[in-house]
Each structure stands twice: as C-alpha cells, then as structure tokens.
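Written below as structure tokens is the structure these notes are about.
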Amino acid sequence: MSETENMIPKVYDPKLFEKKWYEYWETSGLFHAEVEKDKKPFSIVIPPPNVTGQLHMGHAMDNTLQDILIRWRRMQGYNTLWMPGCDHAGIATQAKVEESLREEGLSRYDLGREKFLERVWAWKEKYGSRIMSQLRSLGSSCDWARERFTMDEGCSRAVREVFVSLYEEGLIYQGMRITNWCPRCNTALSDLEVEHETEQGHLWHLVYPVEGSDEKVEIATTRPETMFGDTGVAVHPDDERYKHLIGKTLILPVVGRRIPLFADEYVDPKFGTGAVKVTPAHDPNDFEMGNRHNLEQVKVIENDGTMGEGAGKYAGLDRYECRKQLVKELEETGVLIKTENHEHAVGHCSRCHTTVEPLVSKQWFVKMESLAKPAIEAVNDGRIKFVPERFAKIYTGWLENIRDWCISRQLWWGHRIPVWYCDDCGEASASREDITVCPKCGSKNIHQDEDVLDTWFSSGLWPFETMGWPEDTEELRHFYPTSVLVTGYDIIFFWVARMVMQGLKFGKDIPFRHVFIHGLVRDSQGRKMSKSLGNGIDPVEVIDKYGADTLRFMLVTGNTPGNDMRFYWERVESARNFANKLWNASRFMLMNLEGFDKSFVPTQDDFELSDRWILSRYAKTAAGVTENLEKFELGEAARAIYEFIWSELCDWYIELAKPRLYDKETERPRRTAQYVLGYVLEHTLRLLHPFMPFITEEIWQRVPHEGKSVMVSAWPTGEEEKLDEAAESSMTAIMETIKAIRNMRAEAGAQPGKKSEAILHISDGNLREVFAANEGYLRGLADTEPLTLCGADAAKPENAMTAAVGGVGVYLPLKGLIDVEKETQRLTKELENLDREIERAKKKLSNESFTAKAPAAVVEKERAKQKDYEEKRAVMAERLRHLASL
RNA sequence: GCGCUGUUAGCUCAGUUGGUUAGAGUAUCACCUUGACAUGGUGGGGGUCGCAGAUUCGAUUUCUGCACAGCGCACCA
C-alpha cells in the first residue's frame, strides 16, 4: 500500500472537509464582492427566507440553483454579488410569537404593542441566524458582509420613502372598502392571501313578501345569515318574471325591514331563482351593486366572526352557529321553501385556513393600474425574460387584471404605516420622518396609524433597497438591475410582479433581467411537503447524513426549469455514489503520481489515441456544460458532467491509462498519461465545482493546481483545439468492438479475467492500422489474447462466435464454450433486427420524395446506415450457415 | 368557467430548434471481490413515447381534438 493510499480515505466522507472549506472560503473573503467597475457585474438577491423559519427542501433547491449560477459566473470572471438576508414575514412571525405567548396563557393584548414587539425582536435575534447558518452548511457563497433584513434601518427608510412618494402621488389611498378579512388573524388580507376552495354547501331558497301584495319573491342564497344585512333584492332588467316588480318594496323576513327590488345587469337570470338578495356590507358583488344603487350598508358580522347587533337575537353567536339556528327558524316560519346541495368556492385565509369574511373596513390601498402597465411592458418587450417562458403569460395575465392592493394589516409586527392623524383638526399626514406636531394646525395632539404594511410591500423593494436605495450608491449603479432572480412559481404574483413594479417605479429600471422559475420539491408520492402532513424531509438531516454536495447534486439532477420534482432517498444515494466515484477516481490518480513532473508537457507525438479521445470528450463536455448553464438548463449541465466522469473518464480512460501508469520502465508514456489524467481531472473539477463545491475543493487542493481555491479558478473555455473527431470515431470503433467481445464472452460464460482468442476482420485499411496501433486496449479491456487483425476477405475462423460492429467483423473461437443452439438463436435474433432495419432504410431511400426533399446529409447518413447494416448482415448470415452445417 | 403543466422502461425522470435501432438513475436477472471505487465492475432483460386525427419525405418532438392526473386564476348569489 502506498503512502498516498494511506492518506486518502477509501470512502468519500464529506464530514471530514465540508465545514473546513466553507470557513476557508469565507475567511479568505472569497464570497465578498466590492464594486469593480472594470469588470462585468453578475448579481443575485436571495429570496429572503422568513426570519423565524428554518431551511426546508424548497430553500435548499432554490439556493442550490442560485449558488451554481453564482459560482459559475464568479469563475468566469464576473464581478459577482450574491446578496443575502431575511424577511420579517409579518403575519407568519407574529403568529409564531403569539403561539408561544399562548403557552404562557397570554395574548399580545396582555403585553401591549411595545412589549409585544420586544418579544418579537428577541425571537428574531434568536432564530434569525439559524437559517443563515443552515444556508452556509449548504455551501451558499453569499456575501455575508452585506447581509440585510427587511426591517433593518435601511429597508425601513426605503419603505417610508416609497410609501410617502406613492401617497403624495395619489397612488396610495385610504378608503372604506369591502376587504377580505380573517376573523382569526383579525386582519385584512390582500386578494392573494385568500385561497379559494371548492366546498359542498347549500343553496337555500327563501321567500321575501312584496309589500302591499300577496306576491312573494323567491331568492336563493348560500349564506342565509347575511340576510340581516340585506338592503335590497336585485333581478336582471330583462327578466320577464320580475319586470312588474322592479321598483316595488319587499319586506325582509325576520327583520321586517323594507328593502327595494331593483334591476341590475350583474344578475344572471339563469342562476338560482334569478333574484339575488343584496348584502353590500358582506359581499364584494353586493358591495358594487350597493354603490350603483345607493343602498345602505348594514354590517351584521363583527371582525371576530360573530354576529353583530343587527342580527337581533342572534347577536353574539358565531356566524355558522347563527346560520344553523336561523335556517331552523326560517324553515319553521315557512320562509325557507327549498334547500339544494350546491358546490361553490369559498375563500380561506392562506395563513390559518379560516373562512374569510368580506367586511367593509377602513384600509390602505395602492392603485395598481399605472404601476402594472410598465411592468407588463418590461416582460412583453423582452427586457425581463422568464425561464421557462410560459410563466411570462401567467405574470402578464395577472397584472392585466390586477385590482387595487390592500396593504394595511391590523398586525403589530411590520413596517408601521407612516401616517399621523391630528386629533384636533383631523388632518392625516404621511411623513418620511416621525412627526410629533400636526403640520397643518401645529397641534401636538397627534397619533400614528395603528396598522402595519403587508410584508410583501417591503419585499417588493428588496433588489434595490439592499443596494443602498434611496441613496445613489455605487452598488446600485453597478449591480442593479440584478442579473437573475431565482424563485418558485408560487410567488410570482406575491413577489416577482411587485418587485418589477416597484423596481421600475423607484429603482428606475427593471430589478432583474431573468426570472428563473423552478418547481416544488415534493415527497416520494408527489405530495407537497408540509408540516401538517409530517412528510417534510429536513435538508439539514440530508446534509448530516450524506453531505451538502450530495444534497445539491440530487436537487439539481433531473431538475427541469419550472417543473416539480420528487424527493427520493434512492436519488440521494445515487448522488452520493457519484461523489464516491469521483473521490475514488481522484484517489486513483493521486496514487499514480509517482514521478509526476509539473513542468512536463507532452508533445502531439506523445499522445496516444485514448489521450486525444478523452481530451476531445472533455472539451465537448465543457462547451456543453457552459451552453446549458447559459440556458438555465442546470440539470442537463449536471448530467453531462456526471456522464463524462463516470462513463468516459472512469469507465474507459482510467482503465486505458493503467498500463502506462503502472509501467515504471518507460518515462514519457507514463508522464503523458499522468499529464492527461491530471489535466482532465483538474479541469473537470472546475466544471463540477459550482454543483459540488466541497468535494471539488477537497480534491482540487490535493491534485496539482495553480491558485488558492478552485472556487476562483478560471472557468474552462476556448478548448476547441482539443476537439479531435478522428480520435473520437476511432475510439468509438474500438469501444464498440470491446463491448461486442465482452458481450459474447459473457454469453458463452467465459471465465472473467481468463484470456481468449479474438480475430478481427477489418476491411478499411486505416481503421485496421488504428486497431493495430492500439491492440493493447482490446487485450486489456476485452481479455483477448492472442489477437489477430486481418482484412475482411481473410478466411473466416471455424467454430467461432461472431459479431459485427461498424466496419469490424469479430470472431471469438471460444473452443468448447459455444452452445450451437444458443448461438444460432442469438445470431438469428440479431439477423432479424438487421433485416428490419435494412427494410426500413431501403423503404426510406426508395421513396423519391425523401431523397429529393430531405437534406443531402440526412440521405447520405441513411445510405451509410444501410450499407453498414448489410455488411453486418452478411457476417451474421454466413455464420448462421456455418452453424447450420455443424 | 378560463388557463397552464404532465402522460416516455416496474418506479422516478431526461430527451433544447422534426432525421442513427428512444436514453439515464433506480429496481430486476446472471457473472465477477482483478492492485481507484462492492457507495464497485461486466453483461442481459424490460418501452407500438396516453388515445385519435392533421401537417411533413419523415413526428416522442409541430398543430387540433379527446381521455386521465395535477396545478393556477376566477365576484355566479
């Protein structure tokens, strides 16, 4: 056992080095970016994870993809910035802290706003760093010196600036409007925070008497309890059933209120009874109709979801309990005349899943139309590109139908709305700085708006607020617009669209040039990973067990932009096995470095076929990887490296190089093999580094290299001169021949390792020479001895197994091992295959429109194919005749 | 209701401008511990690319329709 072998563990163990290298990179300042004006910038802002959260599989994937792009561009020589940070996540964080308070039997109201916020900040300090350290263990090469938080001083300043500017421009307004209200979270929600779900409900048919008549109008409703707030009944103007009643007055049952029957185009005569009870205070459509017809708004459901005074004896009951009791009463009094089952969509709070109650309340809104327009244009004219493109349509579709954004939340944790009200003169003043005096009347009797802003209001400023905005910083000028935003399709509306709108408005440019959208990581059954299902896999657990490189590689392979993927431990193991394979290939090289001379550079004459072949394959791989990375096809790029390392470098080149490496008698051949192996390995480590940063660094540092870290080595480029098509096709022929021999030996049950004779008939003189010059490859990898090369017209050996690969007839006189029946079967099957293919090729080539219309190269290819098949067929047919004669 | 995505080997998925006998991982079968690696090697079996049309010399790939699965959007009470 050599010394090297002792030094390098036989099995890949990431625990031995991942932490070490991360610390080395970070303390060496390799993650940090200063503005370098002479270099092209490449920048990414992290989608800030929630401050109270911990790393989940989605984060792991999102950040793996970002880190791959960042590391790749950094190696390419870009001035590379990856801006890290986290989000205060208003409603989510507040809910967490309230939950912990509940365990102490307290509510936030017991503490009061100030004390409560102290608790939240303490919470933030405690948990905020956890997820950042988890991102470190994943290998994320963020510029930690620039770490930000959406509620830090700079971000708070940016939020104020944006709010006040929009307010002064009239794009932010306050209004009594119907808004989604969560009775449990006790706050208003934006439309996006409401999830619609189809539920099985009922359609209750009620009769409302017409005043001064025996007639009754039958209405249908899914929410009878809102009838206390009814202030009208609407019908379609052309509905013959009701035309005579338009303008009449109805008596609202139970309540006894007089309400008008009116006509409105909104009503669909085909639905229900064609008559709609109108509750302007508790339904968005009714609210609109109410505005059109000047109906009164009667609020009968309180903010906590209980019935208000307007509900008479039902006041104080929960809305659903009220419904239950009211339906009973209506049934008993004959008002309810029919109950149908009815499926309908019901809105739920995306945070707590409580059924949302539309309520009229005073909230702050952003007018979206003028902001949305430029954001649509930026994508339509290609300044911002979605990857994959289909998400552009989803994005523009949403913006084209956007409604005003409710930005006020009745929470305590978040950016407080920078508006002060004067208790004396009633003036409302928005201000960038805190104020203590009413600017209008000078009164000191003022108070700040109690509400905070929607979390996404500040997230929307992330790409430029982290660069120092509203100051005109050199970071902004250099790194903004950022290069790419990497995120999941689930937050295109919440976040991506808002960043574009705010970026164009305040950053004075698009916030990013590309939006790279990925899917979700699901469990092995395709379900969303969730806490309630308990099916989540903790990425930290995977890192502990298998290493970050393994997790990263698993997350990127087979990953197609925009598509979900499933988590399988088998896939983790496959990625780990790949790491182990690379580890051992490198170990092999290090064990064979004896006599390695850094200054030795082989000449063309030193290279043998396998050298030229592997260098050519490497150059092609490098070009393909770069190309795929440019297209955001990270999975394809990773697959190409995997295939190269395993199926070409390890399976073939290392095996072919062994004789030279083991032979201590000759110098130049050994050194040439060392050189090529070293060159290819060192450069392949560079290609793989963005995907598997730790293992590549660990190995790179051990193999001959220049520089302090693979992380800042140059990305392989411009190696076209290594491309060698002749070497590739020669090697292909040899490899095919080796495979054919192995196949036959296995079929015949030849003992592995035991040499057997092979005779190759090669018609082409050049190819025969190539085989002759590289006989050792066949002897070594196909266990052939003796090996005879001859022309195609040479006498065929008796009693031999036969195969035909491109231009080569292969004969194996496996004495005593050939089962005539089995061999006949094998050859017959092969012959049939060839017949089918020849038939297909002939048919194609005899089709005149094919030869006339298809490109010449395609036709030529088809002809060559046919010729090849026919040659092979001739060999097979001859052997079959021979076998038959035995 | 509108829209999007998926349907390829037992399972999970690639397949990038239409053109070799459609690939990988995993599983499975046989053989092999040879001096990088059994987390390995060699070989094998396994798919009429969801269905039906259309365009084309040629379709897994483009278009249309349908089926199934999943998702997003949506003010039908």
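When reading the values below, keep in mind they use all heavy atoms of this one structure, side chains included, and skip hydrogens, waters and symmetry mates. In what follows, chains carry the letters A, B, and so on, assigned in the order in which the sequence lines appear, proteins first and then strands, with residues in each chain numbered from 1.
Within 4.0 Å of Thr279(A), counting heavy atoms only, lies no atom of the nucleic acid at all. Among the heavy atoms of the strands, none lies under 4.0 Å from His205(A). Lys277(A) comes within contact range of no nucleotide atom at all, as no heavy-atom separation falls under 4.0 Å. Contact annotation for Tyr869(A): base contact, defined as any heavy-atom pair under 4.0 Å involving a base atom. Val267(A) comes within contact range of at least one nucleobase, with a heavy-atom separation under 4.0 Å. Within the 4.0 angstrom heavy-atom criterion, base atoms lie near Phe271(A). No engagement by Phe391(A) is indicated, since no non-hydrogen atom pair under 4.0 Å with the nucleic acid exists. At a threshold of 4.0 angstrom between heavy atoms, the contacts of Arg527(A) with the nucleic acid are absent. At the heavy-atom level, Pro752(A) lies under 4.0 Å from the strands shown only through sugar-phosphate atoms. Across all strands, Arg390(A) comes closer than 4.0 Å only to sugar-phosphate atoms, never to a base (heavy-atom distances). Residue Arg840(A) is in sugar-phosphate contact alone, with no base atom involved, counting any heavy-atom pair closer than 4.0 Å across all strands shown. Contact annotation for Trp569(A): no contact, since no heavy-atom pair falls under 4.0 Å across all strands.
Judged purely by distance below 3.5 Å, without hydrogens or angles, the side chains of Thr737(A) and Lys739(A) never pair a donor atom with an acceptor atom. Side chains of His293(A) and Asp264(A): a donor on one and an acceptor on the other come within 3.5 Å. For Tyr869(A) and Asp835(A), the side-chain atoms include no donor-acceptor pair closer than 3.5 Å. For the residue pair Glu218(A) / His205(A), a side-chain donor-acceptor distance below 3.5 Å is found, with atom types taken as modelled.
In this structure, Asp523(A) atom CG and U12(B) atom P are separated by 12 Å, rounded to whole Å. The distance between atom NZ of Lys853(A) and atom C1' of U55(B), rounded to the nearest whole Å, is 12 Å. In this structure, CD1 of Ile492(A) is placed 14 Å from P of C4(B), rounded to the nearest angstrom. Regarding Lys844(A), its NZ atom lies at a distance of 12 Å from the C1' atom of U56(B), rounded to whole Å. The separation between Glu643(A) atom CD and G25(B) atom C1' is 10 Å, rounded to whole Å. Rounded to an integer number of Å, the gap from CZ of Phe850(A) to C1' of U20(B) is 12 Å. Between Arg177(A) atom CZ and C75(B) atom P there is a gap of 13 Å when expressed in whole angstrom units. Rounding to whole angstrom units, CG of residue Asn563(A) and P of U7(B) are separated by 9 Å.
Side chain of Ser574(A), nearest nucleotide from A77(B), U26(B), C57(B): U26(B). The side chain of Tyr266(A) sits closest to C75(B) out of C4(B), C75(B), U12(B). Side-chain proximity of Pro855(A) to G19(B), G41(B), A36(B): nearest is G19(B). Looking at the side chain of Arg566(A), the nearest of the listed nucleotides A36(B), C13(B), A77(B) is C13(B). Which of G25(B), U39(B), C75(B) sits closest to the side chain of His196(A) comes down to C75(B).
When the C1' atom is used for both U55(B) and G41(B), the distance is 49 Å, rounded to whole Å. A gap of 35 Å separates the P atoms of A24(B) and G65(B), to the nearest Å. Annotation: A38(B) and U33(B) have their P atoms spaced 14 Å apart (nearest Å). Using P as the reference atom, G18(B) and U26(B) are 32 Å apart when rounded to the nearest Å. Here, U60(B) and C51(B) have their C1' atoms 14 Å apart, quoted to the whole Å. Taking the P atoms as reference points, A14(B) lies 9 Å from G6(B), given to the whole Å. Comparing the C1' positions of G23(B) and U16(B) gives a spacing of 15 Å, expressed to the nearest Å. Here the separation of G46(B) from C11(B), taken at their C1' atoms, is 13 Å to the nearest Å.
Between Phe578(A) and Tyr642(A), the angle of the ring planes lies from 30° to 60°, which puts this pair in the tilted group.
Considering only side-chain N and O atoms, Arg639(A) lies nowhere under 4.0 angstrom from the phosphate OP1 or OP2 of G25(B). Taking 4.0 angstrom as the limit, Lys754(A) places none of its side-chain polar atoms (N or O) nearer than this to OP1 or OP2 of U34(B). For G40(B), neither phosphate oxygen OP1 nor OP2 lies less than 4.0 angstrom from any side-chain nitrogen or oxygen of Asn584(A). The phosphate of C2(B) has neither OP1 nor OP2 within less than 4.0 Å of any side-chain N or O from Trp398(A). Regarding contacts with the backbone of A14(B), a side-chain N or O of Thr560(A) is found under 4.0 angstrom from either OP1 or OP2. Between U20(B) and Lys861(A), no contact under 4.0 Å exists linking OP1 or OP2 to a side-chain N or O. Close to A38(B), at under 4.0 Å from its OP1 or OP2, lies a side-chain N or O of Lys10(A). Contact check, Tyr489(A) against G70(B): no side-chain N or O comes under 4.0 Å of OP1 or OP2.
For A36(B), there is no paired base (Watson-Crick or G-U wobble, both distances below 3.5 Å). Look at G3(B): its Watson-Crick or wobble partner, with both distances under 3.5 angstrom, is C71(B).
The side-chain tip of Lys10(A) does not point at the ring of Trp583(A) from less than 6.0 angstrom away and within 45° of straight on. Taking the centre and axis of the six-membered ring of Phe588(A), the NZ or CZ atom of Lys658(A) falls inside the cone set by 45° and 6.0 Å.
For the residue pair Ala638(A) and Thr557(A), the shortest heavy atom distance occurs at CB-CG2, 4.0 Å.
In terms of polar N and O atoms assigned as donor or acceptor, the side chain of Glu655(A) comes within less than 3.5 Å of the base of A36(B) in a complementary pairing. One donor-acceptor pair, N or O on each side, does fall under 3.5 Å between the base of C37(B) and the side chain of Lys581(A). Below the 3.5 angstrom threshold, one finds a donor paired with an acceptor across the side chain of Lys631(A) and the base of U16(B).
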Requested in this report: Start with the C-alpha distance between Glu870(A) and Lys867(A), add both sets of side-chain angles, then the distance that settles salt bridge (charged side-chain N to carboxylate O under 4.0 Å, His left out), and finish with yes or no.
Outcome: CA-CA 5 Å; Glu870(A) 278 169 349; Lys867(A) 189 169 160 249; over 6 Å; no
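Comment: Glu862(A) engages Arg840(A) in a salt bridge, judged by a side-chain N to carboxylate O separation of less than 4.0 angstrom. A salt bridge does not link Glu785(A) with Lys755(A): every distance from a Lys NZ or Arg NE/NH1/NH2 to an Asp or Glu carboxylate oxygen is 4.0 Å or more. Ion pair Glu594(A)/Arg670(A) not flagged as a salt bridge, since none of the NZ, NE, NH1 or NH2 atoms sits closer than 4.0 Å to an Asp/Glu carboxylate oxygen.
In this structure, Asn580(A) and His342(A) both approach RNA chain B, and ranking their closest nucleotides by distance from the 5' end singles out Asn580(A). Each of Glu570(A) and Glu573(A) was assigned the nucleotide of RNA chain B with the nearest heavy atom; the assignment lying further toward the 5' end belongs to Glu570(A).
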Report task. Using a 4.0 Å heavy-atom cut-off, write out nucleotides 42-48 of chain B from 5' to 3' as B (base contacted by protein), S (sugar-phosphate only) or - (no contact). Result -> SSSS---
